[in-house]
Student: 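I'd like to ask some things about the structure below.
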Amino acid sequence: MSNTGMNMRGKITFYEEKNFQGRSYECMNDCSDMSSSLSRSQSCRVESGCFMVYDRNNYMGNQYFMKRGEYSDCMSMMGMRDCIKSCRMIPMHRGQYRMKIYENENFGGQSHEMMEDCDNIMDHYRMNECQSCNVMDGHWLMYEQPQFRGKMMYMRPGEYRNFRDMGMSGQRFMSMRRITDSC
């Protein structure tokens, strides 16, 4: 039984300028377009919970995982080209984690079911890359390089036939980590 629905409320405050200056906007759930609340967001404080922030509207573009803490200069800390434009709260998950990864798009090629973090799919599964997946339980971060480095993508339960539809054209993923933080 999955307890994903029993999520702890999160709270993140965005600021227009670096170092928590300028107008602010508090958010306690998903926000697909922050432009109506702030012209830009260059710093933030996560008071509780965990969030993914994106440098494009509608949860697209570069992503960064944020847990409780202060982020005084998001652009330089995260390597974003632009300011934060959307965010998604990550629900707290208690229970098992399961994800099936596939070498090719549309669930093709070799596949492997995972229940633990994997720091290198080539070493562990002899897969050159992951181009589709099915997240059955839990919330995961997928990274473009081994050892949980490079660009990341947040995966919540669901089927992902190809990553291009998510704005990740040409992206390949080489390591995966469960989001187990209780933030």
Side-chain angles (χ1 to χ4, degrees), residues 1-5 7 10 12 30-32 46 49-67 71 74-75 77-82 84-183:
M1 177 170 120
S2 174
N3 292 333
T4 301
N7 54 345
I12 187 169
D30 296 353
C31 180
S32 64
V46 180
C50 295
F51 291 83
M52 286 303 289
V53 297
Y54 304 80
D55 65 359
R56 290 178 37 208
N57 293 335
N58 298 314
Y59 321 113
M60 302 292 275
N62 292 314
Q63 305 179 22
Y64 191 79
F65 176 70
M66 303 183 95
K67 57 185 179 180
Y71 303 85
C74 294
M75 290 172 58
M77 291 171 76
M78 299 175 221
M80 290 183 155
R81 294 171 297 193
D82 205 349
I84 298 168
K85 295 196 174 168
S86 59
C87 75
R88 190 178 295 262
M89 191 184 83
I90 300 172
M92 169 114 54
H93 176 77
R94 290 192 176 103
Q96 70 178 6
Y97 289 77
R98 285 185 342 150
M99 174 170 62
K100 191 164 188 175
I101 60 173
Y102 297 85
E103 188 173 31
N104 300 326
E105 293 181 349
N106 296 312
F107 313 122
Q110 69 173 298
S111 65
H112 295 279
E113 188 169 311
M114 302 171 42
M115 296 179 77
E116 300 289 332
D117 297 351
C118 177
D119 62 358
N120 189 328
I121 63 170
M122 180 55 135
D123 289 351
H124 292 276
Y125 303 121
R126 300 289 178 239
M127 284 176 68
N128 291 324
E129 59 190 347
C130 170
Q131 293 187 10
S132 57
C133 69
N134 180 8
V135 177
M136 292 150 313
D137 290 302
H139 299 261
W140 298 74
L141 291 176
M142 297 179 73
Y143 296 83
E144 70 176 339
Q145 298 173 15
Q147 306 302 320
F148 317 114
R149 293 184 331 232
K151 290 183 180 178
M152 65 179 75
M153 185 167 61
Y154 167 52
M155 309 301 284
R156 56 189 183 170
E159 292 184 346
Y160 301 89
R161 293 187 169 280
N162 69 64
F163 302 134
R164 283 184 314 228
D165 292 346
M166 301 172 68
M168 297 300 219
S169 182
Q171 195 77 33
R172 44 186 282 186
F173 294 99
M174 301 298 296
S175 55
M176 295 81 184
R177 173 179 283 172
R178 298 164 296 147
I179 300 176
T180 59
D181 294 65
S182 58
C183 304

Student: Any donor-acceptor pair under 3.5 Å linking the side chain of Glu144 with the backbone of Lys151?
Tutor: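 Yes, the answer is positive, given that a donor and an acceptor are paired below the 3.5 Å cut-off.
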Student: Is Glu113 salt-bridged to Arg98, going by a charged N under 4.0 Å from an acidic O?
Tutor: yes
Student: Quick one: which of Phe148, Trp140, Phe163 gives a ring pair (Phe, Tyr, Trp, His ring centres under 6.0 Å) with Phe173?
Tutor: Phe163
Student: For Cys87 and Tyr59, work out which heavy atoms get closest and say how close.
Tutor: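 Answer, listing the atom of Cys87 first, then Tyr59: O-CE2, 3.1 Å.
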Student: Using side chain to side chain contact (heavy atoms under 4.5 Å, CB included), reason through Met122 and Met127 one step at a time and then give a plain yes or no.
Tutor: CA-CA 5 Å; Met122 180 55 135; Met127 284 176 68; over 6 Å; no
Student: Are Glu159 and Arg161 close enough that some pair of their side-chain heavy atoms sits under 4.5 Å apart?
Tutor: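 Glu159 reaches Arg161 side chain to side chain.
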Student: CD/Glu116 to OG1/Thr180 distance, rounded to the nearest 0.5 angstrom?
Tutor: 10.0 Å
Student: Got a second to check how far Ile121's CD1 is from Asn128's CG, nearest 0.5 Å?
Tutor: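 Output value for this atom pair is 8.0 Å.
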Student: So, for Asn120 and Pro146, which heavy atoms are closest and what is the spacing to 0.1 Å?
Tutor: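 Smallest interatomic distance, heavy atoms only, reads ND2-CB, 3.5 Å.
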Student: Does any part of the side chain of Tyr125, heavy atoms only, come nearer than 4.5 Å to the side chain of Cys118, both counted from C-beta?
Tutor: yes
Student: For Ser86 and Arg56, work out which heavy atoms get closest and say how close.
Tutor: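 Residues Ser86 and Arg56, closest heavy atoms: OG-O, 2.7 Å.
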Student: Quick check: do Gln96 and Met115 have side-chain heavy atoms less than 4.5 Å from each other?
Tutor: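 The answer is yes, as the side chains (C-beta and beyond) meet within the 4.5 Å cut-off.
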Student: What verdict does the side chain to side chain contact (heavy atoms under 4.5 Å, CB included) test give for Met99 and Met136, after you've listed the backbone C-alpha separation in whole Å, the side-chain angles of each residue and the deciding distance to 0.1 Å?
Tutor: CA-CA 6 Å; Met99 174 170 62; Met136 292 150 313; 5.5 Å; no
Student: Evaluate the side chain to side chain contact (heavy atoms under 4.5 Å, CB included) criterion for residues Asp55 and Ile84: first the C-alpha distance (whole Å), next the side-chain angles of each, then the deciding distance (0.1 Å), finally the verdict.
Tutor: CA-CA 5 Å; Asp55 65 359; Ile84 298 168; over 6 Å; no
Student: After noting the C-alpha distance and the side-chain angles of Met52 and Gln63, does the key distance pass the side chain to side chain contact (heavy atoms under 4.5 Å, CB included) rule?
Tutor: CA-CA 6 Å; Met52 286 303 289; Gln63 305 179 22; 3.5 Å; yes
Student: Establish, from distance only, whether the side-chain atoms of Glu129 and Gln131 form a donor-acceptor pair under 3.5 Å.
Tutor: yes
Student: If only atom types and distance count, is the side chain of Ser32 paired as donor or acceptor with the main-chain N or O of Asn58 below 3.5 Å?
Tutor: no
Student: Identify the two heavy atoms, one from Val135 and one from Tyr160, that lie closest to each other, and give their separation to 0.1 Å.
Tutor: CG2-CE1, 4.0 Å
Student: For the residue pair Phe51 and Phe65, is the inter-centroid distance of their aromatic rings smaller than 6.0 Å?
Tutor: no
Student: Drop me the distance from Asn104's CG to Gln110's CD, to the nearest 0.5 angstrom.
Tutor: 9.0 Å
Student: Which pair of non-hydrogen atoms, one from Met176 and one from Cys130, has the smallest distance, and what is that distance?
Tutor: CE-CB, 3.7 Å
Student: Within the 4.5 Å heavy-atom criterion, are Ser175 and Met142 side-chain neighbours or not?
Tutor: no
Student: Are a donor atom and an acceptor atom from the side chains of His124 and Asp119 found within less than 3.5 Å of each other?
Tutor: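 Present: a donor and an acceptor within the cut-off.
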Student: Between the main-chain N or O of Asn162 and the side-chain N or O of Ser132, is there a donor-acceptor pair closer than 3.5 Å?
Tutor: no
Student: Taking the six-membered ring for Trp, are His93 and Tyr97 parallel (under 30°), tilted (30 to 60°) or perpendicular (over 60°)?
Tutor: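 Ring orientation of His93 relative to Tyr97: perpendicular.
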Student: OH of Tyr154 to CG of Leu141: how many Å apart, nearest 0.5 Å?
Tutor: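 One gets 9.0 Å once the value is rounded to the nearest 0.5 Å.
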Student: Does the ring pair (Phe, Tyr, Trp, His ring centres under 6.0 Å) test come out yes or no for Tyr64 and Tyr54, once each step is laid out?
Tutor: CA-CA 7 Å; Tyr64 191 79; Tyr54 304 80; over 10 Å; no
Student: If you look at every heavy atom in Asp30 and Arg156, which pair is closest and at what distance?
Tutor: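 Closest pair (atom of Asp30, atom of Arg156, distance): OD2-NH1, 4.4 Å.
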